[in-house]
Colleague: 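Before we start, here is the structure in question, set down as structure tokens.
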Amino acid sequence: MFKSIRGTKDILPNEQKYWEYFKTNAFDLSSIFGFKRIDTPTFESTDLFLRGIGLDTDIVTKETYSFTDRGENNITLQPEGTASVCRSYIENGMFNQPQPIKLFYFTSIFRYERPQSGRLREHHQFGIETIGSHDPELDAEIISFAWTLLKKIGLTNINLSINSIGDITDRKQFITELSQYYKNSGWAKNNCSDCIERISTNPLRILDCKNSNCKNYIKNSPNMISFLSEKNLKHFENVKKYLELAKINYQINNNLVRGLDYYTHTVFEIISDKDKRQNAMVGGGRYNGLIEKIGGNETPGVGFGMGVERVINEIINNKIKLPQKENNSILFTYLTNSSKSKAIEFNIIARKNNIKSELALSTRSLKANMRYANNLKFSTIVIIGDSDEKLNYITYKELNNGDQKDINEKELIDLMTNAKFN
RNA sequence: GUGGGCGUGGUAGAGUGGUUAAUACGCCCGGUUGUGGCCCGGGAGAGCGAGGGUUCGAUUCCCUCCGUCCACCCCA
């Protein structure tokens with residue numbers, strides 16, 4: 001028997017309501033905030049991600065789905081959404097439109113990881129990007145969007161952490177100091193091999209190490225914030241000020257660094273405050289160097305990615321009530337061959353009038369068809385008898401209260417066409 | 001990639017080295033040959049993740065693989 005590939009999942013009909021709920025909220029809010037949808041291909045040239053995300057990041061070195069196609073092109077399934085959007089920005093000359101460009105996307109993301117709860121090899125991300133402005137208020141708007149969306153969906157137990165990792169110049173200094181600190185502190189002797197690797201490849205990530213021994217050293221390590229230039233510090237202050245005005249609670253976490261190389265200045269993360277491990281629902285920040293790195297002019301940008309599966313898990317775990325859609329519908333049943341013809345006609349009329357309807361199966365008894373109607377929560381059942389016998393040969397029955405009346409053909413059609421059916 | 005738990009019909013979940021592998025839910029049919037939900041009766045559906053080994057005999061013991069879950073790593 002075939003099974004879905006490891007780390008992939010079917011989204012079955014009974015969970016679609018959560019997806020609809022998420023999308024409706026996300027797309028509506030996008031429109032309110034002035035973001036427009038963009039869909040980019042799910043795969044891109046491998047090089048785009050190598051240059052965009054960074055050669056030394058875990059995502060690129062060990063998590064990409066890469067292959068060579070029949071034309072010998074190196075292809076990678078997108079392991080995140082931002083690089084593609086930026087590529088499209090450059091390729092389609094969006095810099096000629098009024099800046100900033102505000103876009104959102106909803107797409108599959110592929111990472112070759114070991115699956116566990118809240119982590120898949122194909123998952124979905126909703127994300128937004130604002131490209132073309134340095135304005136710190138835009139950083140805050142991105143954060144505010146994510147926060148507002150999660151609140152709107154009904155999540156209450158969420159925490160926002162923010163940090164600034166400055167620009168390249170700030171960071172170079174910081175990294176020098178950081179390396180110096182680690183060298184002088186005798187840290188290397190007894191610490192995790194991951195970090196010893198990181199110190200040369202991606203020193204910032206050391207700050208994120210969960211190893212308890214490493215954590216001791218992190219406590220006393222130099223603080224990134226004190227390396228920010230005056231201008232960049234001001235930028236960060238402005239972001240915080242906006243958040244305060246918007247009454248969004250945040251925590252500053254100076255050890256927050258993201259796993260993608262392109263981030264600069266503001267970085268942030270929103271997690272569920274349950275103590276589960278895979279709890280980051282949103283991650284994002286500013287990426288001022290990215291567009292240039294992948295071949296565009298120097299262009300700033302800021303955005304986030306939101307893990308849809310993780311948000312939906314939270315919706316389910318928190319038992320958030322979804323708005324109930326009234327589900328009015330008719331099942332047409334019939335008793336004879338001639339009434340079957342009528343049923344077919346009525347079913348067509350119902351559908352023409354945008355009424356959800358189905359024709360009963362002729363292989364089932366009336367009783368069985370009624371059971372079916374009941375199980376599928378039809379609101380109404382129409383039983384069509386033999387028109388030769390009497391005038392009002394159609395039974396119109398409401399399943400939720402059991403009320404029924406005998407009507408004729410004209411009355412049924414009136415009910416369906418004059419929107420009396422609701 | 002590393003470490004640990006698990007793997008029985010659609011789902012949940014018993015069970016045993018040896019005749020037809022419980023049970024519940026769900027599904028189908030029936031219970032006045034024109035009426036549902038409750039109730040009752042009946043029925044279909046797994047040979048116990050895959051392969052190999054031990055044994056007279058394994059779903060049950062052993063090995064490998066695969067999958068799944070959890071933790072690490074990393075991230076959404």
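Just so it is clear: chains get the letters A, B, ... in the order the sequence lines come, proteins before strands, and each one is counted from 1. Note that these values count all heavy atoms, side chains included, but never hydrogens, waters or copies made by symmetry.
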Colleague: Would you say the side chain of A:K367 and the base of B:rG30 hold a donor-acceptor pair, judged only by whether the two atoms sit under 3.5 Å apart?
Modeller: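 Counting by modelled atom types and ignoring angles, no donor-acceptor contact under 3.5 Å is found here.
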
Colleague: Give one of base, sugar-phosphate or nothing for A:L120, where a contact means two heavy atoms less than 4.0 Å apart.
Modeller: base

Colleague: With a non-hydrogen cut-off below 4.0 angstrom, is A:E269 in contact with a base, only sugar-phosphate, or nothing?
Modeller: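 The residue A:E269 makes no contact with any strand.
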
Colleague: Looking only at side-chain atoms of A:N374, point me to the closest of B:rC72, B:rG37, B:rU35.
Modeller: B:rG37

Colleague: Is the phosphate of B:rG26, meaning OP1 or OP2, less than 4.0 Å from a side-chain N or O of A:N375?
Modeller: no

Colleague: Check whether more than 12 heavy atoms from other residues, nucleotides or ligands sit under 6.0 Å from atom NZ of A:K172, and answer yes or no.
Modeller: no

Colleague: Is it the case that B:rU35 (base atoms only) and A:Q404 (side chain only) share a donor and an acceptor within less than 3.5 Å, ignoring hydrogens and angles?
Modeller: yes

Colleague: Assess whether one donor atom and one acceptor atom, taken from the side chain of A:S365 and the base of B:rG30, lie less than 3.5 Å apart.
Modeller: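 Side chain to base: no pair present.
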
Colleague: So which nucleotide from B:rC27, B:rC69, B:rG30 ends up closest to the side chain of A:S117?
Modeller: B:rC69

Colleague: So A:H235 and A:H265, would you call those rings parallel, tilted or perpendicular, with 30° and 60° as cut-offs?
Modeller: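 Rings of A:H235 and A:H265: tilted, as their planes differ by 30° to 60°.
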
Colleague: Look at all strands and tell whether A:G127 reaches a base, only sugar-phosphate, or nothing, counting heavy atoms closer than 4.0 Å.
Modeller: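 Since no nucleic acid heavy atom lies under 4.0 Å of A:G127, the category is nothing.
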
Colleague: Hey, are the side chains of A:I394 and A:E411 touching, using non-hydrogen atoms and a 4.5 Å cut-off?
Modeller: no

Colleague: Picking from B:rG34, B:rG36, B:rC28, which would you name as closest to the side chain of A:R364?
Modeller: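 In terms of side-chain proximity for A:R364, the closest of B:rG34, B:rG36, B:rC28 is B:rC28.
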
Colleague: State the pairing partner of B:rG67; accept Watson-Crick or G-U wobble contacts with both distances under 3.5 Å, and report none otherwise.
Modeller: B:rC6

Colleague: Has the side chain of A:R114 got a donor or acceptor atom sitting under 3.5 Å from an opposite partner on the base of B:rC70?
Modeller: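 It does not, because no donor-acceptor pair links the side chain of A:R114 to the base of B:rC70 below 3.5 Å.
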
Colleague: Categorize A:G7 for me: base, sugar-phosphate, or nothing, with a 4.0 angstrom heavy-atom threshold over every strand shown.
Modeller: sugar-phosphate

Colleague: Is the glycosidic torsion of B:rG47 within 90° of 0, making it syn, or is it anti?
Modeller: syn

Colleague: Name the closest nucleotide to the A:R6 side chain, picking from B:rC72, B:rU68, B:rC39.
Modeller: B:rU68

